[in-house]
Protein chains: 2
Amino acid sequence: MFSLSEENYLKAILHLQKTSKSGVSTNAIAEEMQTKASSVTDMVKKLSEKDLVIYKKYQGVYLSDTGRKTALQIVRKHRLWEVFLVDKLSFSWDEVHEVAEQLEHIKSDKLITELDKFLEFPKRDPHGDPIPDAKGNFHVANKTLLSNLSKGERGTLVGVKDTSTEFLKYLDKNNIALGKTIEVLDKEEFDESMLIQTGGKTLRISPMVTVNIFIKQ
Amino acid sequence: MFSLSEENYLKAILHLQKTSKSGVSTNAIAEEMQTKASSVTDMVKKLSEKDLVIYKKYQGVYLSDTGRKTALQIVRKHRLWEVFLVDKLSFSWDEVHEVAEQLEHIKSDKLITELDKFLEFPKRDPHGDPIPDAKGNFHVANKTLLSNLSKGERGTLVGVKDTSTEFLKYLDKNNIALGKTIEVLDKEEFDESMLIQTGGKTLRISPMVTVNIFIKQ
DNA sequence: ATTTATTTTTAGACAAAACTAAAAATAAAA
DNA sequence: TTTTATTTTTAGTTTTGTCTAAAAATAAAT
Ligand SMILES: [Mn+2]
Ligand SMILES: [Mn+2]
Ligand SMILES: [Mn+2]
Ligand SMILES: [Mn+2]
């Protein structure tokens, strides 16, 4: 259907449009895809030809309905494979992304239907992100950043914003994990750092950490 | 490491060199890969540059040690994925090939190690073909074609030579399956057709069938 | 409202992997 | 052993996706 490259562009645009009211800029896509702006312009023209995006010169790019649907199916595959790797093949959550980046491009409807069934229809991936269903629908959790909590408040860790290996390994090292309760024992006004309690331990974390953890209260 | 195309060429050459004492010809590769001879020459030069094959103009091509090793790892991945699809995702043996052709190119050592473990180190794929281990070693079964059996002889079906969907579906339809016992009730001299008994049924099969079934006596 | 800076697009080039058409080498036939 | 047929290689294109460098458009600053 679509090339590996086209699929990656669609996914990148889907990701970027969540954090911008207007169209997604050429430079933003280039940054996200680790490529050059001129390459982005070329590809965006091609996607526009195929009616996967709406594009007017210098005006940024928007996903069309089919473009959005296609992108959501790639995301679905990516996240289902991540669940597979963690639940069945004992990967840790910081090891799955690279492999899922490859697996998400395998073309087979039956494969993904059966994988979903085999995994017992998971609703979230190992990082807490929702898994779209076959029609592209998914449940958006009402979550907030840990940085928004005040002293004395508590909640459950339901997701991470930064999914880099470095960050995830840092969390592992400090016993901070998905599903665990976090309580804000203290919040330093000066640097916005927090003293938290989780997994039976008390530790101080910097704002770089608190703005990358999603909490459900 | 190697491109998808390079990997497919190596696999094709590995496959072809089993049935030819001398070097594998350009035309044979072209036929196997559904491409043109000129394309093969180009790629063979490239593989030769990378020391994956030994190639002298007009003399055919041979796999080098690293070429053979690489090809065997692709075969290993292909067959492990086929086992996964049949054993875990309820694919039938005639549906797996196309998907395995894609999955065999996923690059991750951990993935294949863990998959092997998850499947409990299978020795053969759903078509009875041996699965090379991480070092490229595999067990060659002493099997013979059903067509070589005489009236009265029997054996177990341990493999198929033709793995096309059409052939496999024909076998399914007639209750002929891997692991089942087959007894030759009669052999017609004139057209080499056979009357066989398997799965509690008696049926007559043509030589097109008998030369594509491997038996262990 | 100009000037300056930034972003985006165009123009031209390149590498990978395929193709067609023609030339060269090898194999088969006369 | 010539002649003919087949196989293989070369030469020149094409497509996809990328790049650099330069031009054009938009945004920011004076
Ligand atoms: Mn991921
Ligand atoms: Mn994820
Ligand atoms: Mn196969
Ligand atoms: Mn097989």
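Protein chains get the first letters and strands the later ones, always in sequence-line order, with residue 1 at the start of each.
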Engineer: In whole angstroms, how far is the P atom of dT8(D) from the CD atom of E31(B)?
Structural biologist: 12 Å

Engineer: Side-chain N or O of N27(B) versus OP1/OP2 of dT8(D): is the shortest distance under 4.0 Å?
Structural biologist: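 Yes, because at least one side-chain N or O of N27(B) sits under 4.0 Å from OP1 or OP2 of dT8(D).
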
Engineer: OP1 or OP2 of dT18(D) sitting under 4.0 Å from any side-chain N/O of Y9(A)?
Structural biologist: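 It does, given that an N or O in the side chain of Y9(A) lies less than 4.0 Å from OP1 or OP2 of dT18(D).
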
Engineer: Starting from P on dA16(C), measure out to CD on E49(B) and report it in whole angstrom.
Structural biologist: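 Spelled out: CD on E49(B) to P on dA16(C) is 12 Å.
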
Engineer: Report yes or no: is there a donor-acceptor pair, N or O only, under 3.5 Å between the side chain of S38(A) and the base of dT20(D)?
Structural biologist: yes

Engineer: Grab the CD1-P distance between I29(A) and dT9(C) for me, whole Å please.
Structural biologist: 9 Å

Engineer: Establish, with yes or no, whether the OP1 or OP2 oxygen of dT18(D) is under 4.0 angstrom from a side-chain nitrogen or oxygen of S39(A).
Structural biologist: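 For dT18(D), neither OP1 nor OP2 has a side-chain N or O of S39(A) closer than 4.0 Å.
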
Engineer: Starting at CG of N8(B) and ending at C1' of dA18(C), how long is that distance when rounded to a whole Å?
Structural biologist: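 It is 14 Å, rounded to the nearest whole Å.
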
Engineer: Have a look at S5(B) and say if it touches a base, only the backbone sugar-phosphate, or nothing, with a 4.0 Å heavy-atom cut-off.
Structural biologist: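 Sugar-phosphate contact only - S5(B) comes under 4.0 Å of backbone atoms but never of a base.
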
Engineer: dT20(D), OP1 or OP2 - any side-chain N/O from K36(A) closer than 4.0 Å?
Structural biologist: yes

Engineer: Rounded to whole angstroms, how far apart are NZ on K57(A) and C1' on dT10(C)?
Structural biologist: 8 Å

Engineer: Check whether any side-chain N or O of Y55(A) sits under 4.0 Å from OP1 or OP2 of dT9(C), and answer yes or no.
Structural biologist: yes

Engineer: Does any N or O donor sit under 3.5 Å from an N or O acceptor when you compare the side chain of S25(B) with the base of dT8(D)?
Structural biologist: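 Answer no: no donor N or O sits under 3.5 Å from an acceptor.
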
Engineer: Answer yes or no: does a side-chain N or O of Y58(B) lie under 4.0 Å from OP1 or OP2 of dT6(D)?
Structural biologist: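 For Y58(B), the contact criterion (side-chain N or O under 4.0 Å from OP1 or OP2 of dT6(D)) is not met.
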
Engineer: Closer than 4.0 Å, any side-chain N/O of T35(B) to the OP1 or OP2 of dC19(C)?
Structural biologist: yes

Engineer: Rounded to whole Å, please give me the gap between CG in D42(B) and P in dT10(D).
Structural biologist: 9 Å

Engineer: Tell me: NZ of K50(B) to P of dA16(C), nearest whole Å?
Structural biologist: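 Whole-Å distance recorded here is 8 Å.
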
Engineer: Please confirm whether the shortest side-chain N or O distance from K45(B) to OP1 or OP2 of dT10(D) is below 4.0 Å.
Structural biologist: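 Answer is yes, contact under 4.0 Å.
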
Engineer: Looking at K11(B) and E104(B), does any basic side-chain N land under 4.0 Å from a carboxylate oxygen?
Structural biologist: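 E104(B) and K11(B): salt-bridged.
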
Engineer: Regarding K88(A) and E114(B), does a basic nitrogen lie under 4.0 Å from an acidic carboxylate oxygen?
Structural biologist: no

Engineer: Quick check on the 6.0 Å ring-centre criterion: do H97(B) and H78(B) meet it?
Structural biologist: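 So the answer is yes for these two rings.
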
Engineer: Between T26(B) and dT9(D), is there a side-chain N or O to OP1/OP2 distance below 4.0 Å?
Structural biologist: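 Answer yes for this pair, as a side-chain N or O of T26(B) is under 4.0 Å from OP1 or OP2.
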
Engineer: Parallel under 30°, tilted from 30 to 60°, perpendicular over 60°: which one fits the rings of F84(A) and F118(A)?
Structural biologist: tilted

Engineer: Just how far, in rounded Å, is P of dA18(C) from CD of E6(B)?
Structural biologist: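 These atoms are roughly 10 Å apart.
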
Engineer: Is K107(B) salt-bridged to E98(A), cutoff N-O under 4.0 Å?
Structural biologist: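 Judged by the 4.0 Å cut-off on N to carboxylate O distance, K107(B) and E98(A) do not form a salt bridge.
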
Engineer: Between Y9(B) and V40(B), is any pair of side-chain heavy atoms under 4.5 Å apart?
Structural biologist: yes

Engineer: Of Q59(A) and S3(A), whose nearest nucleotide on DNA chain D comes first from the 5' end?
Structural biologist: S3(A)

